[in-house]
Amino acid sequence: MPLSHDQILRFIRSVHPYDALPADTQDSLADKFDVWEVEKFFSVYDLNEKLPGLFIVHDGQIEVRDENDVVVSHFGVRNSFGERGLLRDGLAATSARAEAHSVLLVLPATEFHSLIQTHESARRFFDRSRGPRPRGNDLATSRVETLMAPTPKCCAPTDSTQRAAQIMRDARISSVCVTKDGTLSGILTTRDLAGKILAEGLSADTPVSQIMTPNPFTLPPSAIGSDVLHAMMEHGIGHIPIIEAGRLVGIVTQTDLTRFQAISSAELVSEIAAAQSPQDMAQITARIPQLLVQLVAGGNRHEITTRLITDIADTATRRLLTLAEQDLGTPPVPYLWLACGSQGRQEQTGVSDQDNCLILDDAVTDADMPYFHALAKYVCDGLNTCGYVYCPGDMMATSPRWCQPLHVWRAYFDHWIATPNPEAQMLASVMFDLRPIGGHMPLFETLQDSTLAAASSNSIFVAHMVGNSLTHTPPLGLLRGFATIRSGEHRNQLDLKHNGVVPVVDLGRIYALQGQLTAVNTRARLKAARNAGLLSTSGGADLLDAYDLIAETRLSHQADQIKRAQAPDNYLSPADLSDFERSHLRDAFVVVKTMQSAIGHGRTMLR
């Protein structure tokens with residue numbers, strides 16, 4: 001459709017950064033735009049094609065894919081795209097096509113470069129594609145329930161694809177949830193309609209059940225925005241249904257995220273998901289320390305920072321599993337890769353080794369085991385290459401002990417619970433932090449439920465676990481001082497890991513055992529324990545505040561070390577803190593010690 005000078009001028013005056021330009025510049029610029037009309041499903045440009053200029057969506061919607069044909073963005077009205085290639089070498093770094101009939105304004109490349117050279121506001125705006133982007137609303141800390149569409153459009157599996165297409169057309173949406181008796185069965189997108197109905201010449205009467213994606217990836221409302229973005233980038237999906245207590249309560253699409261700026265952790269996840277070798281991945285994970293500095297400097301809470309950093313490790317693990325399967329062939333039986341330790345709890349910082357294991361389907365035979373030993377070696381070696389060093393205690397899937405069928409894992413936990421000797425207590429402490437990372441998820445579901453039930457009902461085992469948890473104590477000295485390390489390399493320093501966060505981690509694990517709580521993350525365990533009545537409202541609040549202060553101090557210390565070009569560690573000199581900081585940190589340690597004393601005497605902080 002032709003657009004007049006006045007129509008273009010009114011439009012760009014509503015789009016940043018053009019709205020900040022002088023009026024005469026806006027007027028002149030309006031004459032420079034070309035107008036393109038692109039029909040639905042038609043290409044705007046292809047990968048490595050020379051870009052004619054900068055694109056702005058005047059009407060419609062554009063889908064952008066990376067070099068691996070994975071959807072990375074959906075652009076709607078007033079969104080710009082193409083600047084990344086223009087700022088680099090003039091060639092498209094992605095491909096773009098219309099998801100609906102679209103009208104695009106195209107600012108020729110020469111005019112684009114002239115604009116950013118002449119006007120600082122435009123240069124700063126478009127330079128965001130080459131570095132950290134300023135944040136508006138923070139995607140990392142926004143809960144999914146604030147992002148999702150709360151009333152997703154639905155159809156039945158028996159409905160025709162034509163009926164589903166009509167629902168999407170009428171609602172101007174790109175997907176419809178498929179439900180049966182109130183339960184989510186699948187999801188159908190415009191991409192499915194194009195690739196499976198139009199491309200294959202199927203009838204419009206084809207039932208939705210035949211072309212939908214069954215059992216799609218879902219998230220709970222309590223997830224955060226970065227969970228959505230990371231999942232979309234890793235799995236190449238653009239729609240995520242939101243499920244609570246088995247009920248469909250909403251949906252989040254890439255369009256819902258367009259108001260948020262891309263964050264660095266998501267970029268690392270995307271790059272790792274496309275990496276072709278452990279060596280390629282290592283170049284990406286080498287940027288994690290700087291990410292930590294950025295997240296801490298941005299005022300992100302510790303549980304957000306560690307979650308984002310752990311997401312990168314999870315993606316690296318799943319990518320290594322994929323590469324291993326490409327090298328070794330199809331697994332002979334289903335398997336599940338799990339992480340424990342800080343990765344299992346989603347609490348990784350700038351200092352992390354690897355702790356992992358493999359659960360195999362009980363159909364596995366001795367002849368199958370060499371495959372899984374090779375798989376474990378590939379992944380563990382790859383993680384080590386990426387900076388997640390080998391576990392010094394050999395708590396890895398490469399150890400035959402930790403690469404076993406499900407029935408052996410059941411026997412492990414039964415033995416540890418029935419015979420809680422020191423080794424069993426140590427192993428149970430580690431393994432109760434297991435979290436599935438990749439593979440056949442049902443292998444863990446029944447194991448976790450039955451193990452928690454057995455452990456919580458065995459008072460002797462719980463008592464031994466409580467005793468084991470008290471081996472790590474807060475570093476409290478006399479006269480309101482600290483008990484620092486007495487000798488060695490870290491003399492006169494505090495160990496913020498073993499005497500700081502670990503005592504709280506151990507408390508959280510005990511509460512989880514006592515209450516059969518399925519959460520693995522420490523902060524989530526503490527909140528669940530408070531909600532379950534294992535901690536009083538005031539006692540739980542005190543412990544959460546204490547944990548937050550200790551964990552924040554640890555991350556700030558590591559960020560400061562990285563900024564000084566030092567390797568991050570967990571050892572802090574009290575002299576590096578102000579009197580105010582020392583006082584509050586000691587108060588936090590006192591809270592933890594009080595909680596340890598309470599649980600050690602067989603009582604909870606109910607007051």
Taking all heavy atoms of His230 and all of Leu308, pick out the closest pair and write down the distance. CE1-CD2, 3.9 Å
Donor + acceptor pair across side chains of Asp311, Ser265 (<3.5 Å): no
Taking everything shown except Arg401 itself, do over 12 heavy atoms lie less than 6.0 Å from its CZ? yes
Are more than 12 heavy atoms from other residues, nucleotides or ligands located less than 6.0 Å from atom CZ of Arg486? no
Do you know which two heavy atoms are closest between Leu336 and Leu443, and how far apart they sit? N-CD1, 3.8 Å
Main-chain N/O of Arg345 paired with Asn521 side-chain donor or acceptor, under 3.5 Å: yes
Quick one: does Gln354's side chain have a donor or acceptor within less than 3.5 Å of a partner on Tyr388's backbone? yes
Evaluation steps, side-chain contact (heavy atoms from CB on, under 4.5 Å), between Leu321 and Leu375: CA-CA 7 Å; Leu321 288 169; Leu375 179 86; 4.2 Å; yes
Indicate yes or no for a side-chain donor-acceptor contact from Thr522 to the backbone of Val505 under 3.5 Å, with no hydrogens or angles considered. no
Passes ring pair (Phe, Tyr, Trp, His ring centres under 6.0 Å), Phe444 versus Trp409? Steps please. CA-CA 10 Å; Phe444 182 65; Trp409 279 98; 9.5 Å; no
Using side-chain heavy atoms (C-beta onward) and a distance below 4.5 Å, is Asn499 in contact with Pro474? no
Heavy-atom closest contact (Ala524 atom, Ala519 atom, distance): CB-CB, 4.0 Å
Run the side-chain contact (heavy atoms from CB on, under 4.5 Å) check on Ile288 and Leu292 step by step: do they pass? CA-CA 6 Å; Ile288 291 176; Leu292 187 148; 5.5 Å; no
Would you mind reporting whether Cys357 and Cys340 have side-chain heavy atoms less than 4.5 Å apart? no
Specify whether His235 and Phe217 have parallel, tilted or perpendicular ring planes, treating 30° as the upper limit for parallel and 60° as the lower limit for perpendicular. tilted
Would you find a donor on one side and an acceptor on the other, under 3.5 Å apart, between the side chain of Glu234 and the backbone of Thr315? no
Checking Gln343 against Asp355: is there a side-chain donor and acceptor pair closer than 3.5 Å? no
I'd like to know if the side chain of Asn570 pairs up with that of Gln558 as donor and acceptor (distance under 3.5 Å, no hydrogens or angles considered). yes
Output for pair (Asp542 CG, Ser536 OG), nearest 0.5 Å, gives 7.5 Å
In this structure, CG of Leu496 is separated from CG of Leu555 (nearest 0.5 Å) by 10.0 Å
Test item: Thr285 side-chain N/O and Ala282 main-chain N/O as donor-acceptor pair under 3.5 Å: yes
Short side-chain to backbone donor-acceptor contact, Asp362 and Pro405, under 3.5 Å: no
In terms of heavy-atom contacts, Gly250 and Met148 come closest through CA-SD, 3.9 Å
Under 3.5 Å, side chain of Arg509 to main-chain N/O of Arg525, donor-acceptor pair present? no
Please report the closest heavy-atom contact between Asn458 and Ile417, naming both atoms and the distance. ND2-O, 3.3 Å
Do the side chains of Val269 and Leu229 get nearer than 4.5 Å, heavy atoms only? no
Where is the tightest heavy-atom contact between Gly344 and Val520, given as atom of each residue plus distance? O-CG1, 3.3 Å
Checking the side chain of His373 only, and the main-chain atoms of Pro400 only, is there a donor and an acceptor separated by less than 3.5 Å? no
Arg287 with Glu271: basic N within carboxylate O range, under 4.0 Å: yes
For the backbone of Val501 and the side chain of Arg554, can you confirm whether one donor and one acceptor N or O come within less than 3.5 Å of each other? no
Without swapping roles, check the side chain of Ser450 against the backbone of Leu447 for a donor-acceptor pair under 3.5 Å. yes
NZ/NE/NH1/NH2 to OD/OE distance under 4.0 Å, Asp569 and Lys497: no
Anything under 30° is parallel, anything over 60° is perpendicular, the rest tilted; go ahead and classify Phe482 against Phe589. perpendicular
Could you give me the CA-CA distance, side-chain angles and deciding distance for Arg307 and Asp227, then say whether salt bridge (charged side-chain N to carboxylate O under 4.0 Å, His left out) is met? CA-CA 9 Å; Arg307 170 85 72 88; Asp227 294 335; 2.8 Å; yes
Mark yes when over 12 heavy atoms from residues, nucleotides or ligands other than Glu489 sit less than 6.0 Å from its CD; otherwise mark no. no
